[in-house]
Amino acid sequence: MWLYLVALVGLWTLLRLIRERQVVSHLQDKHVFITGCDSGFGNLLARQLDRRGMRVLAACLTEKGAEELRNKTSDRLETVILDVTKTESIVAATQWVKERVGNRGLWGLVNNAGIAIPSGPNEWLNKEDFAKILDVNLLGVIEVTLSMLPLVRKARGRVVNVSSILGRVCFTGGGYGISKYGVEAFSDSLRRELSYFGVKVAIIEPGFFRTAVSSSDTHLCSAKILWDRASSEVKEAYGEKFLASHLTSLKSLDRKCKEDLSLVTDCMEHALTSCHPRTRYSAGWEAKLFFIPMSYLPTCLADAILYGASVKPDKAL
Ligand SMILES: NC(=O)c1ccc[n+]([C@@H]2O[C@H](COP(=O)([O-])OP(=O)(O)OC[C@H]3O[C@@H](n4cnc5c(N)ncnc54)[C@H](OP(=O)(O)O)[C@@H]3O)[C@@H](O)[C@H]2O)c1
């Protein structure tokens, strides 16, 4: 009985591996549009797909970022300036993409651009702090997608949305986790709707990687600003001891982050080039072995684990 079961699981794994290794044809004719290519995952993915011979249309927030990327890549790769929070910038970028892809349509759209500050305990934040992150990480993803969809539908292509393990288990306050839960929900509805048109939607859920988004310095600086402007009531409830532990945990953020960004960009590349992409990709051992399994636990168990590991306010009961 056990032998049959093991053989069945082995066979299923083998078939899955073979299926996932099938690559789409004519990659060199396919256009991929990536947001947030100045640095981090977007930058590496643009270079990786360029090396693979695909036609990369890289959107950068700054001209400096675009120029640096062009200097490192082939003449095939083209750049455009895009701020995903500005409708006129999205409209202009869509027209630019349309002119390049012509009747072939857009094979891949990668919604990668994102920010992570201001983040901290929810009570330290105001509505504008939440809105700032949601504007880039969620509304930006939605508006870019809606604008590019006719082109993606034409190519029966792929949409790849970058979420996070914080879109599965949220243990920090602020707009970041909310935005990533939103990206998961948006991608879910999109996947079902677009399946009728042959378009595939994949979600990338990275763990912790060393990029500008996860930089200790940036998070420390932001936390200090939030604390300085917090009300005396909030300061009294949380206390100096909490602040010190909070800042210490932010200082160790860089150490906790992995340097090998290709663990994430390889998932993105697979989602764009495999005949049978996955619905979800998790990158990093902590995502695969800790946070994703935790997302399936009963809430009381997950809360108990996170409570044990968290820094407590000075006035905690
Ligand atoms: N690093 C991690 O541990 C981690 C984990 C899970 C998920 N993620 C997600 O991965 C994605 C990429 O982040 P990353 O880690 O590679 O960090 P990153 O290096 O900071 O990349 C983010 C990119 O987005 C750009 N950007 C910021 N605001 C923008 C706007 N309004 N319009 C267009 N582009 C904008 C940034 O441009 P500038 O460089 O010019 O500011 C940068 O190029 C994000 O969605 C992030 O949430 C990261």
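Numbering of residues begins at 1 and proceeds along the displayed sequence. First listed ligand is number 1; within each ligand, the first listed atom is number 1.
- Minimum heavy-atom separation, Glu205 to Ala287: O-CB, 4.1 Å.
- The closest protein non-hydrogen atom to atom 39 (O) of ligand 1 is Ser39 OG, 3.3 Å.
- In this structure, Lys154 is not positioned above the aromatic face of Phe197 in the sense of NZ or CZ being under 6.0 Å from the six-membered ring centre and within 45° of the axis.
- Near Asp83, meaning under 4.0 Å from any of its heavy atoms, are these atoms of ligand 1: 30 (C), 31 (N), 32 (N).
- Atoms of ligand 1 lying under 4.0 Å from at least one heavy atom of Pro206, given by number and element, are 5 (C), 6 (C), 7 (C).
- Looking at Asn137, its side chain never comes within 3.5 Å of a backbone N or O of Tyr176 through a donor-acceptor pair.
- With ring centers used as reference points, Trp124 lies under 6.0 Å from His246.
- Checking Thr35 against Asn112 by side-chain atom types alone, no donor-acceptor pair falls below 3.5 Å.
- When each of Asp135, Leu138, Ile115 is paired with Ser179, the side chain to side chain contact (heavy atoms under 4.5 Å, CB included) condition holds for Leu138 and for no other.
- Within ligand 1, the atoms closer than 4.0 Å to a non-hydrogen atom of Leu82 are 32 (N), 33 (C), numbered from 1 in the order shown.
- For atom 48 (C) of ligand 1, the closest non-hydrogen atom on the protein side is Phe41 CE1, 3.4 Å.
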Item checked: Worked check of side chain to side chain donor-acceptor pair (under 3.5 Å) between Ser274 and Glu20 -> CA-CA 6 Å; Ser274 168; Glu20 285 194 345; over 6 Å; no

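- Residue-to-ligand polar distances keep Ser164 apart from ligand 1: every N/O pair is separated by 3.5 Å or more.
- At distances below 3.5 Å, not a single donor-acceptor pair connects side-chain atoms of Lys258 with backbone N or O atoms of Gly207.
- Of the protein's heavy atoms, Ala212 CB, 3.4 Å lies nearest to atom 20 (O) of ligand 1.
- Ring centers of Tyr296 and Phe291: at least 6.0 Å apart, outside the cut-off.
- Of the possible polar contacts, none joining the Trp227 side chain to the Glu240 backbone as a donor-acceptor pair under 3.5 Å is found.
- Checked by atom type and distance alone, the side chain of Ser216 pairs as donor or acceptor with a backbone atom of Lys251 at under 3.5 Å.
- Closest heavy-atom approach to atom 5 (C) of ligand 1 among the candidates Gly36, Gly207, Ser214: Gly207.
- Closest heavy-atom approach to atom 22 (C) of ligand 1 within the set Gly40, Cys257, Gly114: this belongs to Gly114.
- For atom 8 (N) of ligand 1, the closest non-hydrogen atom on the protein side is Tyr176 OH, 3.4 Å.
- For atom 3 (O) of ligand 1, the nearest protein heavy atom (residue, atom name, distance) is Phe209 N, 2.7 Å.
- Nearest protein heavy-atom contact of atom 44 (C) of ligand 1 is Asn112 O, 3.1 Å.
- Atoms of ligand 1 found under 4.0 Å from any heavy atom of Val162, numbered from 1 in the order shown, are 9 (C), 10 (O), 11 (C).
- For ligand 1 and Phe208, the ligand atoms under 4.0 Å from any heavy atom of the residue are 3 (O).
- The heavy atom nearest to atom 7 (C) of ligand 1, considering only Gly65, Ala116, Ser163, is found in Ser163.
- Scanning Ile34, Leu69, Asp38 for the heavy atom closest to atom 36 (C) of ligand 1 points to Asp38.
- Among all non-hydrogen protein atoms, the one lying nearest atom 15 (O) of ligand 1 is Thr211 OG1, 2.6 Å.
- Heavy-atom distances between Ser179 and ligand 1 stay at or above 4.0 Å for every pair.
- Interface of Ala113 with ligand 1, defined as ligand atoms under 4.0 Å from a residue heavy atom, comprises 24 (O), 33 (C), 34 (N), 35 (C), 45 (O).
- With a heavy-atom cut-off of 4.0 Å, Leu61 touches ligand 1 through its side chain alone.
- No heavy atom of Thr35 sits closer than 4.0 Å to any atom of ligand 1.
- Of all atoms in ligand 1, listed by their number and element, those nearer than 4.0 Å to a heavy atom of Ile115 are 27 (C), 28 (N).
- Backbone and side-chain nitrogen or oxygen atoms of Val84 are examined, and one is located within less than 3.5 angstrom of a nitrogen or oxygen of ligand 1.
- Residue, atom and distance of the protein heavy atom nearest to atom 13 (O) of ligand 1 are Val213 CG2, 3.9 Å.
- Evaluation of the salt bridge (charged side-chain N to carboxylate O under 4.0 Å, His left out) test over residues 85-95, restricted to residues two or more places apart or in two chains, returns Asp83-Lys86.
- Under 4.0 Å is where a charged nitrogen must lie from a carboxylate oxygen, and between Lys64 and Glu68 at least one such pair does.
- Considering both main-chain and side-chain atoms, Lys180 comes within under 3.5 Å of ligand 1 through a nitrogen or oxygen pair.
- Ion pairing of Glu184 with Arg280 is present here, as a side-chain N (NZ or NE/NH1/NH2) and a carboxylate O approach within less than 4.0 Å.
- Residues Asp188 and Ile203 meet the side-chain proximity criterion, which asks for heavy atoms closer than 4.5 Å.
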